[in-house]
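Single-structure report; data block below.
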Amino acid sequence: MSFKKRYKFFGTYGTTLNLKAKEAFGSILPVVIVVLLLCVTITPVESGTFLAFILGCALAVVGMAFFTLGAENAMTPIGRYISTSVIKTKKLWIILPLFFLVGVFITISEPDLQVLASELEETVNYMVLIVTVGVGVGVFLVIAFLRIVLNVKLKTVLIVCYTAIFVLAFFVPGNFVPLAFDSGGVTTGPMSVPFIIAMGTGVAYLRSDKSAEDDGFGLTALCSVGPIIAVMILGMIYRPETVSVSGGEALIIPDSKELFSVYIKRLPEYMKEVGIALLPIVAFYFITMSFGGKIAKGEFIKILVGIFYAYFGLVIFLLGVNCGFLPVGMKIGETLGNSDYAWVVVPIGMVLGFFIVGAEPAVHILNDQVFEITGGAIPKKALGLSLMTGVAVSTGLAFLRIYFSIPILYILIPCYAAAFVLTFIVPDIFSAIAFDSGGVASGAMTVGCLMPMALGFCEALGKDAGSEGFGLVAFVAMTPLVAIQILGLVFRIKSAKAKKAQAEISAEQTKVRKAEEIID
């Protein structure tokens, strides 16, 4: 690569990174403002925890910028390349096992799942839970592939799967049901989402029929189903009387020196986690290159740089969220739970939920891919606003459930029923995007900030954190199904009105033309 081309290559990366940084700052700023207002008013925190939060915010912005750029230039092309290269072999004995292994490995390495598993070590063995969830995703990634190839409607598969889930829920210990639904939400995090979505579009591109574009979505939705079923079966095997939550060590930071020490001590941990997460994906990519199509040198270098950006970005992002946001979220939940106005956690949770989803890296990736695949027919702003509204409602429902000790199925069943009714009314592509959005919305920010807040609130009220503290991730993954499909319903009504108006204009023009012909 010549000096001029090299300068242009890295100059383009620099310009794009600057845009990503501005986008990340705009996404995280509202969350920061809300938390700061809480810290200086009704939920004061220790100065060390407050400083850790400020530093965590800065790291989250930098990390999100690098990760989204890396995912765009590496994870998405890799996922699409692997899916198309494997499928071109036209050998099911190669395709199905590889799709299964990809699902298992990207899930086992998902940072959000590792956080959830570490919280439940006292109830279920760490590796047993992780492998169980991984197998669930692997099986359903294969099912998702077969659905696209056989051209089976997504809503048909989802209705069958969720009917099975809710029937199975009545045979699973009650305290294990929220955990099962939370497992479905945390598996589709910042590492797996760009890869899975790209695989879906890669498979769909091999078909030439009209519905191929719609079928590019839906893999994330089905990959969220597998863990729910797998963990429910695990619950039927373990049948624990209670679900115990492992208490994390309190983050005590007496001075600025200790503040940086905390971050430096945690850095190797996240470097290892993300390295393990990326290694299987990169390995699959190089293995696939041995029998796939050739890649131009420039494109190959671009992917390598993107891998480094994704690695660096996710390490920094997770470091900022887990060291900065998690302690503050736990403290806010505890303070509100111990106050005389504990009910205020509901509106506060809704405001935080509204803005936090905009700070999820995977949400930005989904928005970009929806905009690209639909040719701008579904605007990013409309999709983002619908998603934010849905998550705000879900967060409010989660805290209401804790406050009033409402059984989780009393909320999940009616909401999923409404979501499935809407699948018969709205365009198929909106249903597919809606179910994908449910998995995407429940990412690192939800696990790192909202979940600790829910657990802290639950413990402060003296309730069982194991059975009632979990479920927030499940709600965050649920309400976008309804919100995005309502957007689709609005889109359909507007399209119908536009077509009717156009038909009336055409009819009027025809009348005028005929009148002119008669006059002539």
Side-chain angles (χ1 to χ4, degrees), residues 1-21 23 63-90 94-95 98-99 101-102 105-106 109 145 190-208 212-213 216-217 219 274-275 277-315 361-362 364-376:
M1 189 183 289
S2 65
F3 174 78
K4 187 175 181 180
K5 287 183 178 179
R6 192 179 295 113
Y7 176 79
K8 185 178 179 181
F9 176 79
F10 286 103
T12 303
Y13 253 110
T15 303
T16 310
L17 182 61
N18 185 43
L19 293 173
K20 295 291 183 185
E23 187 179 73
M64 186 191 291
F66 274 95
F67 176 75
T68 51
L69 180 59
E72 186 179 289
N73 289 280
M75 306 303 291
T76 300
I78 287 174
R80 191 168 295 172
Y81 178 82
I82 289 177
S83 60
T84 53
S85 298
V86 171
I87 291 166
K88 282 179 182 177
T89 65
K90 296 181 179 179
I94 293 177
I95 297 171
L98 277 176
F99 266 65
L101 290 174
V102 167
F105 282 122
I106 61 175
S109 58
F145 160 74
M191 186 57 67
S192 57
V193 165
F195 196 80
I196 290 173
I197 292 176
M199 288 188 73
T201 54
V203 175
Y205 282 151
L206 296 177
R207 287 199 355 229
S208 56
E213 181 184 273
F217 299 99
L219 260 75
V274 178
L278 273 173
L279 185 61
I281 296 172
V282 176
F284 268 110
Y285 175 56
F286 283 110
I287 291 170
T288 308
M289 283 180 66
S290 63
F291 60 83
K294 290 184 178 180
I295 297 178
K297 184 179 178 182
E299 183 66 20
F300 182 69
I301 293 173
K302 184 179 179 182
I303 287 174
L304 289 180
V305 174
I307 290 170
F308 170 75
Y309 274 24
Y311 173 78
F312 174 77
L314 192 53
V315 168
H364 289 269
I365 293 163
L366 177 68
N367 277 346
D368 289 341
Q369 292 190 333
V370 169
F371 187 80
E372 178 187 344
I373 293 170
T374 62

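When reading the values below, keep in mind they use all heavy atoms of this one structure, side chains included, and skip hydrogens, waters and symmetry mates.
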In Å, rounded to the nearest 0.5 Å, how long is the span from CE of Met64 to CG of Leu314?
-> 11.0 Å
First locate atom OG1 of Thr68, then atom OH of Tyr309, and finally report the distance between them rounded to the nearest 0.5 Å.
-> 11.5 Å
For residues Pro77 and Glu72, report the shortest heavy-atom separation together with the two atoms involved.
-> CD-O, 3.6 Å
In Å and rounded to the nearest 0.5 Å, what is the CD1 to CZ distance from Ile78 to Phe286?
-> 8.0 Å
Where do Ala74 and Gly306 come nearest, in terms of heavy atoms and distance?
-> CB-C, 3.4 Å
Name all residues meeting the side-chain hydrogen bond (donor to acceptor under 3.5 Å, both in side chains) criterion together with Glu23; count only those two or more places apart in sequence or in a different chain, and write none if there are none.
-> His364
Atom pair CZ/OH of Phe67 and Tyr311 - distance to nearest 0.5 Å | 13.5 Å
Specify whether Tyr81 and Tyr285 have parallel, tilted or perpendicular ring planes, treating 30° as the upper limit for parallel and 60° as the lower limit for perpendicular.
-> perpendicular
For Leu279, enumerate each residue passing the side chain to side chain contact (heavy atoms under 4.5 Å, CB included) test, keeping only those at least two apart in sequence or located in another chain.
-> none
Nearest heavy atoms of Ile307 and Leu278, plus distance in Å = O-CD1, 4.0 Å
